[in-house]
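The chains referred to below are lettered A, B, ... by the order of the sequence lines, with proteins before strands, and numbering in each begins at 1. All values below come from the heavy atoms of this structure, side chains included, with hydrogens, waters and symmetry mates left out.
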Amino acid sequence: METRYNFTQTEKEIYALWEKAGAFNPDTVVVSPDRDPQEKKHFSIIMPPPNANDPLHVGHALFVTIEDILIRYHRMLGEDTLWLPGTDHAGIETQFVFEKKLQKNKQSRFDFDRSTLYSMIWDYVQENSGIAVEQIKQLGASADWSRYTFTLDEKVVEDVLETFKNLHKDGLVYRDFRLVNYCTKCGTSYSELEVDHIDSTSPLYYVKYPFIDTEEEFITVATVRPEPIFADTHLAVNPTDKKHAYLVGKQVKNPLTGETMTIIADEYVDPEFGTGIVKLTPAHDPNDFEIAKKYDLPINIAITPQGKLTDIAGKFAGLSVVNGRKEIVAYLEEQGYIDHVDTKYQNRIGICYRCKRPIEPLPLPQFFIKVNDDETSLVGNALKALDSGETKIHGAGREKILRHWLNSLKDWNISRQIVWGIGIPVWYPIEGNESKITVGFLNTDKKFIQGTLETLLEENTLEEIKAGIQTVLADASLEYIVSTTPPSDGLWIQETDTFDTWFSSAQWPVVTLKNTKPGDFERFYPTSVMETGYDILPFWVMRMMLLGIYSTGKSPFSDVYLHGLVRDAKGNKMSKSKGNVINPLEVVAEYGADSLRMALVIRSTPGQDKSVGEPDFKAMRNFGNKIWNASRFALLSHDPKSTEAQNDAEFYKKLADVVAESSSLLEKLQVGLAADYIYNEFWHWFCDTSIEEQKAGTLSSTAILEGIVTFMKLLHPFMPFVTESIWQELHSEKLVDSEALITTPWPAI
RNA sequence: GAACUCGUAGCUCAGUUGGUUAGAGCGCUACAUUGACAUUGUAGAGGUCAGAGGUUCGAGUCCUCUCGAGUUCACCA
């Protein structure tokens, strides 16, 4: 053996050795051949699928490490162990990256029909999808690659669609014309979870509305959004507001259009805020939308999905929201309709979590999943799983946060106006509805045309329209059918919206196990541990509970381990602009995968952020070297004829304690603590004390060898490469029987 | 406005159900070392565990309050 552990040579060979031994696959792995398979407990983890086209970052390295530790431990226990890997198509993220590429070529998504764009993105993802997988392997992940699944695999998509059909059949899916969170830049709607809120100082305009009968008199209304005034038809005051009671039923003039507006009363209005009078903009404010529905007020749309003012804006039509606001304010000022402006008004505005631009509430017909209408709702069942302990959350108070999310969850908008995703399997009947279906498509000359089918069919055939289709917008009143195949009778046109990526991700534990190998679902569901970052608790974990319980009656996992963010050595968040981003592959190249793994996991706590840096990698590289050299010592000093020494009994007792404590910590998912504990016992007890005792002759070399063999097993889940590498040396010296450490039974407790 | 988390050695952090002299890594001081390892060893300095009160035989650990930091949610024109 060399005096220093050389990881660069060994890591690739070792990984190949494991793969060759079939160690990752529960169907081929043999750990405890004498154990009755009937008695075997199962242990399964579904790997959180990384985005197929993203390279690895340090967060991936953390989840790979934690999951691999648990998997290796349970595999060594002889349990039926599966770690199922996969990748995610990541709808919006991926389409956005692809659109940036298009932009460089001076193209946009609107230059292509849907199926062309889809297959372009498909090819792009295929080119990149191998990268993440290869990188995960470099970290030593002992996942069963024979069961690798992609979210757009045919069978997965079939099952996702099936769930939608079932939800629809059970009345849990509905289509409704509602205000949705729309990003005019990204060109799609989002669920409430994708909207961030930021503090903002926005001018608050006090606008004068003259009375219709006595034009010299007016009332004043405060607004931060003057630009859709032309779409407003009503003002409102609080019915209990004595000061303004006289206004109810009175009529004023719309300062932009001159049309008559009636003042109504509703409790929603806060008499203390602003002037105590609000303008109602039902199409662009959630509260106003509710009031409009209540009183059946007209919903005039002022802003298009492209973020432009609509035709009813008259001379302002076509302007962007921002420019429209400027010009409209200037016009109102000119006309004397601006009383004053509060420039220091503090509010919070919703922005797109991706592009950080303001979210526009827009009325659109979309598909929603009912989450919370009664006790047996999706939310109700998820809460029951938490109450009963069927699913336990590990991670610094995150269970309370999850409950808070569940209790305040609104119906889930699953429609996205993008191409890269699973199409919603909904069809609208054309005959008799031509005027209620608006489509946008590229005609045979590749020119974009938009209009109702009624007008478009005059100059184009239905086949031409379908071939170049980009968007279908069917009136909310239309009947529709849910079908995964084109309906055979009559003329139909398919919905062009795709599912929120999280709608398929939410079914991941179910749709993977149902499609890997026959029997996998029965064998491995519910899974044992779901390990992921706390930042996607509401997006993913919560929704997996909602849909997992819906599809199977059982919560998809019994424990949820939420790891924290990886921060830099000073505890700062990593970001490209700060230049403090750790590239896991660079660390692997310089210090070895074992060092990276151990540095990430040692003393980490679920739900708590972890800071790591160069000194940590170095320290763990030193630890790997320490392991290597202690083993070298054991080999060099090994004497088959050595006799028992005075401290042997005490040594074996302590060694048994270390095994018991390590096992107990791992059983309790205290991975960071286990790593710290084994580190200390190995270095500061075994090396500093026991080896010195052996040198002094008070401990036998047999005991030292036994210590090394045991510690290799205990350390293997954490630092698989160096320990396996030593095991191979021990095996070639015929000091251990089993051929590979990865499939060697965990020491008996 | 609310919830959650955190405040432990110079720095970054562990410390599970409350139980003997509070730990690790890095850093610091002194010394050692050519047959496991300088990617080392030995010894040491350094902590009134944010502060105050309480429960307890016993509190870094549980409760209350105060101060400070962070994260997230809500919100009204």
Asker: Counting only side-chain heavy atoms from C-beta out, which of B/U39, B/U5, B/A14 sits nearest to A/Leu673?
Answerer: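 Looking only at side-chain atoms, A/Leu673 lies closest to B/A14.
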Asker: Does A/His404 make a side-chain N or O approach to OP1 or OP2 of B/C4 shorter than 4.0 Å?
Answerer: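 For B/C4, OP1/OP2 do not have a side-chain N/O of A/His404 under 4.0 Å.
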Asker: Can you tell me if A/Ser732 and A/Lys734 form a side-chain donor-acceptor pair at under 3.5 Å?
Answerer: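 No, no side-chain donor-acceptor pair sits under 3.5 Å.
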Asker: For B/U40, give its Watson-Crick or G-U wobble partner with both distances under 3.5 Å, or none.
Answerer: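 Pairing partner, where one exists within any strand: B/A32.
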Asker: In the strands shown, is B/G1 matched to any nucleotide by a Watson-Crick or G-U wobble pair with both distances under 3.5 Å, and which?
Answerer: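 With both distances under 3.5 Å, B/G1 matches B/C73.
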Asker: Taking only Lys NZ, Arg NE, NH1 and NH2, and the carboxylate oxygens of Asp or Glu, determine whether A/Glu290 and A/Arg178 approach each other closer than 4.0 Å.
Answerer: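 Salt bridge absent between A/Glu290 and A/Arg178.
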Asker: Does a side chain donor of either A/Tyr73 or A/Glu667 reach within less than 3.5 Å of an acceptor in the other side chain?
Answerer: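 Short answer, yes.
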Asker: Look through every strand shown and name the nucleotide pairing with B/C6 as Watson-Crick or G-U wobble, where both distances are under 3.5 Å.
Answerer: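 Paired with B/G68.
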Asker: If only side-chain N and O atoms of A/Thr3 are considered, is one of them under 4.0 Å from the OP1 or OP2 phosphate oxygen of B/C37?
Answerer: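 For B/C37, OP1/OP2 do not have a side-chain N/O of A/Thr3 under 4.0 Å.
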Asker: Taking the C1' atom of each, how far is B/A45 from B/A30, in whole Å?
Answerer: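 Each nucleotide's C1' atom is 10 Å from the other's.
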Asker: With a non-hydrogen cut-off below 4.0 angstrom, is A/Lys626 in contact with a base, only sugar-phosphate, or nothing?
Answerer: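 Here A/Lys626 touches the bases of the nucleic acid.
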Asker: Output yes when a side-chain donor or acceptor of A/Asp609 lies under 3.5 Å from a complementary backbone atom of A/Val566, and no otherwise.
Answerer: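 Checked: no pair found.
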Asker: For a quick check, tell me whether the side chain of A/Lys695 and the base of B/A36 share a donor-acceptor pair closer than 3.5 Å.
Answerer: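 Under the 3.5 Å cut-off, the side chain and the base do form a donor-acceptor pair.
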Asker: Contact class for A/Asn287 vs. all strands (heavy atom < 4.0 Å): base, sugar-phosphate, or nothing?
Answerer: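 Result for A/Asn287 = sugar-phosphate.
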Asker: So what does A/Trp405 hit on the nucleic acid, given a heavy-atom distance under 4.0 Å: a base, only sugar-phosphate, or nothing?
Answerer: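 Answer is sugar-phosphate: A/Trp405 comes under 4.0 Å of backbone atoms only.
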Asker: Would you mind classifying the nucleic acid contact of A/Thr605 as base, sugar-phosphate or nothing, using non-hydrogen atoms under 4.0 angstrom?
Answerer: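 Sugar-phosphate only.
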Asker: Does B/G18 pair with anything, Watson-Crick or G-U wobble, both distances under 3.5 Å, and if so, with which nucleotide?
Answerer: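 B/G18 is paired with nothing.
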Asker: With a 4.0 Å cut-off on N to O distance, would you call A/Lys279 and A/Asp285 a salt bridge?
Answerer: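 Answer for the salt bridge query: no.
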Asker: Tell me whether A/Lys573 is salt-bridged to A/Asp568, with the criterion being a basic N under 4.0 Å from an acidic carboxylate O.
Answerer: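 Salt bridge between A/Lys573 and A/Asp568, a charged N being under 4.0 Å from a carboxylate O: no.
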Asker: Counting only side-chain N and O atoms of A/Asn622, is one of them less than 4.0 Å from OP1 or OP2 of B/U40?
Answerer: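 Looking at the OP1 and OP2 atoms of B/U40, one of them is under 4.0 Å from a side-chain N or O of A/Asn622.
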Asker: A/Tyr561 vs A/His394 aromatic rings, parallel, tilted or perpendicular, using cut-offs 30° and 60°?
Answerer: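 Parallel.
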Asker: Nearest of B/U16, B/A77, B/A74 to any side-chain atom of A/Lys668?
Answerer: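 Looking only at side-chain atoms, A/Lys668 lies closest to B/U16.
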Asker: Report yes if at least one side-chain N or O of A/Arg4 is closer than 4.0 Å to OP1 or OP2 of B/U39; otherwise report no.
Answerer: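 Indeed, a polar side-chain atom of A/Arg4 lies that close.
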Asker: Quick one: label A/Val221 by what it contacts on the DNA or RNA (base, sugar-phosphate, nothing), any heavy atom closer than 4.0 Å.
Answerer: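 Contact class for A/Val221: none.
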Asker: What is the separation between atom CG on A/Leu562 and atom C1' on B/U5, rounded to the nearest whole Å?
Answerer: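 In whole Å, B/U5 C1' lies 13 Å from A/Leu562 CG.
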Asker: Using a 4.0 Å cut-off on heavy atoms, which residues in residues 676-688 of chain A reach RNA chain B? List them by number, or say none.
Answerer: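 Those residues are A/Tyr679, A/Asn680, A/Trp683, A/His684, A/Cys687, A/Asp688.
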Asker: Base, sugar-phosphate or nothing for A/Ile691? Non-hydrogen atoms, less than 4.0 Å.
Answerer: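 Answer is base: heavy atoms of A/Ile691 come under 4.0 Å of a base.
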Asker: Rounding to the closest angstrom, what is the interatomic distance between B/C63 and B/G23 at atom P?
Answerer: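 Per the computed distance, 25 Å lies between those P atoms.
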Asker: Which part of the nucleic acid, if any, lies within reach of A/Ala619 when heavy atoms closer than 4.0 Å are counted: base, sugar-phosphate only, or nothing?
Answerer: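 Result for A/Ala619 = sugar-phosphate.
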Asker: How would you label the contact of A/Glu692 with the nucleic acid (heavy atoms, under 4.0 Å): base, sugar-phosphate, or nothing?
Answerer: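 Base, at least one base heavy atom under 4.0 Å.
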Asker: B/C6 and B/G51: how far apart are their C1' atoms, nearest whole angstrom?
Answerer: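 Taking atom C1' in both B/C6 and B/G51, they lie 16 Å apart.
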Asker: Using a cut-off of strictly less than 4.0 Å, decide whether A/Lys400 has a side-chain nitrogen or oxygen near OP1 or OP2 of B/A3.
Answerer: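 Negative; the distance criterion is not met.
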Asker: Which nucleotide in the set B/A36, B/U12, B/C4 lies at the smallest distance from any side-chain heavy atom of A/Ser611?
Answerer: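 Nearest listed nucleotide: B/U12.
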Asker: Look at A/Glu227 together with A/Arg225 and state whether they make a salt bridge at an N to O cut-off of under 4.0 Å.
Answerer: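 Salt bridge between A/Glu227 and A/Arg225, a charged N being under 4.0 Å from a carboxylate O: yes.
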Asker: Answer yes or no: is there an ion pair linking A/Lys653 with A/Glu650, defined by an N-O contact shorter than 4.0 Å?
Answerer: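 Looking at A/Glu650 together with A/Lys653, the answer is no, because their closest N to O distance does not fall below 4.0 Å.
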Asker: In terms of side-chain heavy atoms of A/Arg621, which of B/A24, B/U39, B/C37 is nearest?
Answerer: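 Ranking B/A24, B/U39, B/C37 by closest atom to the A/Arg621 side chain puts B/U39 first.
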Asker: What nucleotide among B/C6, B/G25, B/C76 has an atom nearest to a side-chain atom of A/Tyr345?
Answerer: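 Selected nucleotide: B/C76.
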Asker: Using a cut-off of 4.0 Å on non-hydrogen atoms, how would the nucleic acid contact of A/Arg632 be classed: base, sugar-phosphate, or nothing?
Answerer: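 Sugar-phosphate: the residue A/Arg632, judged by heavy atoms under 4.0 Å, touches backbone atoms but no base.
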